[in-house]
Chemist: 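First, the structure itself, so that you have it in front of you.
Numbered from 1 within each chain, the chains take letters A, B, ... in sequence-line order.
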Amino acid sequence: MTNKVDYNNIPKELFEPVERGERITDKKFEDKPIGYFKDAWLRFRRNKGSIVAAIIILLIVLYSIVIPLANTRYDETFMDVYYAKKPPRNFALMNVGIANGQTARTFEEKGLIKFIGIGIGAADTEGTGGISVSEGLGNYYQPIRSIKDSWEISEIKGAKPKVMYNASIDNYLEVGFLYTSLKQDEYQKIVDWQNETGLQVLYPLVEDNQWNVDINDANYWYKSNKGTPITTDEWGDLDKTLKYSEDMVLEDNYKRDADGNPIYYEYTGGGNAQTAQYRVRILYYNYYRYLNGFEPEYLLGTDSQGYDMSLRLAGGIRLSLILSLSVCAINFVIGAIYGAVEGYYGGAVDLTLERISDILSGVPFVVVATLFQMHLAQKVGPIPSLLFAFVLTGWIGMASRVRTQFYRFKGQEYVIAARTLGAKDRRIIWKHIFPNSLGTIITGSVLAIPGVIGSESMLSYLGIVKLGSATTTSLGTLLSDAASIWTSYPHLLLFPALILSLLMICFNLFGNGLRDAFNPSLRGVEE
Amino acid sequence: MGKYVLKRLALMVFTLFVIVTICFMLIRMLPRDIPIDKNKAEIVLARWDALGYNEPLLVQYGIYLKNIFTAFDFGSSWQIQYSEPALTVLTSRLLPTVLVNVYSLLFAIPVGIGLGIFAAIKKNKWQDQVISTGVMIAVSVPSYVYAFLLQYFIYLKLGWLPLIVSSLADAGNSWFSWTMLRSMIMPVLALSFGTIAGLTRFTRAELTETLTSDYMLLARTKGLTRAQATTKHALRNAMVPILPMLIGEFVGVLGGSMIIEQIFSIPGVGRLYMQSIQQLDYDVFMMDTVFYTFIGLLAGILVDISYGFIDPRIRMGQKK
């Protein structure tokens with residue numbers, strides 16, 4: 001062992017550098033570190049369904065904000081009783097054949113003539129009569145826009161067969177003429193407006209005689225025998241009944257003065273010649289234009305009371321979203337604190353708090369909502385009391401979720417390490433454990449949103465919570481208003497139901513996407 | 001096990017007691033409507049006085065509890081069915097609710113589980129995608145939207161079924177006559193969609209998990225066919241969490257669905273609740289509240305206990 005190297009004194013020459021010139025250091029990572037939330041975002045982005053859902057939610061939110069702003073003509077309190085339950089009508093969309101305010105209907109001959117009569121009567125601005133059906137059909141105020149086909153049916157054997165018509169009718173022009181009372185200066189204003197614009201509002205009054213089938217219906221301006229149009233001879237007796245044809249000319253039944261000029265107003269009510277009101281016959285379509293300065297045009301039609309459906313919907317969406325977001329935010333805070341205390345301290349504290357939440361969760365939600373409405377609605381209003389009802393039991397799910405997370409994390413080494421280093425309870429709870437459970441909690445909150453929206457619309461649909469007023473409405477109220485009449489007016493139900501379903505589906509999809517994204521164990525696994 | 005059940009039951013009674021107390025106080029504090037008819041008003045006021053409705057709240061509550069324990073008397077209806085015991089008013093409406101809901105479950109359970117199994121076997125194929133998308137939509141859309149859709153297409157467009165459930169008199173005084181059954185089809189369907197969707201999703205999730213587990217691999221290695229292994233091993237294990245859920249559903253049946261009963265005018269418990277609020281019939285409202293609370297608590301307990309019975313691996317109330 002003579003050539004044994006003396007390790008304590010290795011000669012300097014034996015050393016040689018591994019590399020020259022270059023200093024060896026730890027290499028910096030070239031890509032950025034991916035944190036928890038970044039990772040979640042990356043995985044959320046890959047979920048196409050959730051992205052689409054998020055975009056749809058955004059669009060619905062935008063709709064609820066933009067529509068009321070875009071409508072400069074009127075606000076959401078604007079209503080018109082005569083134009084209630086009307087289908088969509090929009091002049092821009094009319095050209096492409098949708099939203100034209102028309103519906104297809106089947107008419108008997110009498111009914112068809114009555115509606116065609118509106119257009120003919122409206123064309124006869126001077127009250128001279130003599131306008132034929134074919135001329136009247138092209139009139140701007142003609143409710144019957146097109147007649148598709150006709151056929152004969154005989155209901156009773158031996159009786160004359162009835163002729164039925166399929167026609168398309170404009171629901172706004174259908175209102176036609178109305179009787180109303182006006183103050184004298186109002187009357188003068190309308191006359192001035194008529195001269196200025198050339199649009200006729202005031203039409204001749206109708207004689208109250210045997211040829212007038214219904215004196216309260218201003219649309220029977222022509223002579224008829226129980227609704228069937230007739231002509232009379234020079235003594236005013238029945239000459240012949242008219243059948244529907246292109247050349248038919250309805251004989252007017254206007255009130256006329258001694259010179260044969262039609263009368264446009266008569267005194268009504270009390271007062272003297274200067275103060276008494278005028279009873280007049282108006283063409284409602286033009287009266288609406290006189291009152292508002294524009295033609296009736298509702299993108300989504302009107303609701304059952306005559307409010308603009310698009311604005312009502314926007315209001316309902318806003319209410320649903322604001323309510324559900326505030327409920328979720330409040331539940332988030334209460335649930336997080338409650339669950340954190342339960343989970344962190346455990347033992348007797350946990351047991352006591354769990355009993356309390358057990359009891360609260362045992363109360364059926366609908367009973368809570370009802371009791372809150374009965375006790376609080378008159379004091380603080382229906383919406384705050386609904387909010388209280390949601391909050392009273394809503395946080396329990398959140399609390400139990402947080403509690404589970406705390407049980408999971410509180411025994412981990414880093415928590416023990418923090419405690420050993422002297423961290424206080426509060427610091428451990430909020431700095432060390434809570435951020436770890438944040439993902440689950442956020443997901444839970446988002447997934448609770450569709451639940452709140454659904455419950456709110458259910459309660460307002462059932463009428464347990466009454467949210468319908470001039471300024472506020474909810475999707476559920478719109479649905480319940482439509483519930484008994486929707487078979488005749490499907491659009492009343494279609495739009496709110498569509499929006500509600502879309503909201504629920506999209507929030508669920510969005511929430512599911514978040515849940516999957518925040519759950520690291522689901523990395524690379526579907527569902 | 002027995003001890004655990006007893007403990008849960010005792011806890012349930014306590015919870016029920018607390019909830020009933022709170023609800024009783026809140027309901028009795030509300031102002032009562034006196035009938036417009038003078039003679040009736042006098043009688044009603046006299047009866048309220050005799051029943052102790054004018055005593056302090058705590059005394060009233062004592063009387064209420066005493067009546068329940070001694071005579072099983074939950075008060076009586078003052079508006080809906082004048083002077084009938086509230087319990088009778090409730091039980092008389094139980095049958096239609098239970099019928100509609102049981103029919104819907106009987107329809108939904110096989111369909112839901114079947115679809116779930118199908119989706120799990122065809123996992124990630126187009127069949128699964130279609131079913132999962134359908135489930136996503138069906139779970140989210142509220143049941144009354146289905147009700148309207150059904151009414152629109154089946155009643156209005158096709159005219160196959162009546163719009164609402166027939167009254168008892170129209171159906172020949174029987175809940176089981178053909179007319180009645182036929183008119184119940186639409187509400188049953190409307191109720192089913194949500195249940196089917198939920199069950200499908202749950203079954204699919206459970207079955208995909210068991211299908212990929214180790215004992216399935218073992219079963220296949222032993223030489224069982226895929227069908228054998230799936231039915232004998234995977235499906236049985238997947239049923240463990242599904243069965244308790246079904247038990248919960250069956251108890252929940254008693255509560256019914258207010259909105260479906262309203263839309264199809266089914267004279268059931270849910271509509272009774274609505275009526276009792278609208279007509280301010282507080283004793284019936286109280287009865288309904290007690291009933292709903294009881295059903296909810298009972299369902300929870302049954303679900304928990306049934307886990308222990310169905311799955312021998314789970315020991316209820318076991319200490320850590």
Chemist: With chain B as the partner, which of Leu371(A), Leu498(A), Val368(A) has the greatest number of non-hydrogen pairs under 4.5 Å?
Modeler: Leu371(A)
Chemist: Quick check: closest heavy atoms across Met274(B) and Leu462(A), and the distance to 0.1 Å?
Modeler: CE-O, 2.9 Å
Chemist: So which heavy atom on Tyr273(B) is nearest to which on Val367(A), and how close?
Modeler: OH-CA, 3.3 Å
Chemist: Checking heavy atoms, do the side chain of Gln151(B), its backbone, both or neither come under 4.5 Å from chain A?
Modeler: both
Chemist: Quick check on Leu297(B) against chain A: is it the side chain, the backbone, both or neither that has a heavy atom closer than 4.5 Å?
Modeler: side chain
Chemist: Could you tell me which non-hydrogen atom of Val366(A) sits nearest to which non-hydrogen atom of Met258(B), and how far apart they are?
Modeler: CG1-CE, 3.6 Å
Chemist: Angle class for the Tyr461(A)/Tyr144(B) ring planes (parallel below 30°, perpendicular above 60°, tilted otherwise)?
Modeler: parallel
Chemist: Can any side-chain N or O of Tyr292(B) pair as donor or acceptor with the backbone N or O of Phe365(A) at less than 3.5 Å?
Modeler: no
Chemist: State the CE-CG distance between Met374(A) and Leu26(B), to the nearest 0.5 angstrom.
Modeler: 11.0 Å
Chemist: For the candidates Gln373(A), His375(A), Met458(A), Arg355(A), which exhibits the highest count of non-hydrogen atom pairs separated by less than 4.5 Å from chain B?
Modeler: His375(A)
Chemist: Of all the residues in residues 499-512 of chain A, which have a heavy atom that comes within less than 4.5 Å of a heavy atom in chain B?
Modeler: Leu500(A), Ser501(A), Met504(A), Ile505(A), Asn508(A), Leu509(A), Asn512(A)
Chemist: Any chance you could lay out the side chain to side chain contact (heavy atoms under 4.5 Å, CB included) test for Val363(A) and Thr293(B), step after step, and finish with the verdict?
Modeler: CA-CA 6 Å; Val363(A) 193; Thr293(B) 313; 5.5 Å; no
Chemist: Pick one of side chain, backbone, both or neither for Leu16(B), based on which atoms fall under 4.5 Å of a heavy atom in chain A.
Modeler: neither
Chemist: Sort out for me which of Gly451(A), Ala497(A), Gly362(A), Pro490(A) touches chain B most, counting heavy-atom pairs under 4.5 Å.
Modeler: Gly362(A)
Chemist: Check the pair Tyr152(B) / Thr487(A) against side-chain hydrogen bond (donor to acceptor under 3.5 Å, both in side chains), numbers first and verdict last.
Modeler: CA-CA 7 Å; Tyr152(B) 184 76; Thr487(A) 46; over 6 Å; no
Chemist: Taking atom CD of Glu209(B) as the centre, does the number of heavy atoms from other residues, nucleotides or ligands within less than 6.0 Å exceed 12?
Modeler: no
Chemist: Determine the option with the most heavy-atom pairs under 4.5 angstrom with chain B, choosing from Ser457(A), Gly463(A), Ala483(A).
Modeler: Ser457(A)
Chemist: Under 4.5 Å from any heavy atom of chain A, what part of Leu11(B) do you find: side chain, backbone, both or neither?
Modeler: side chain
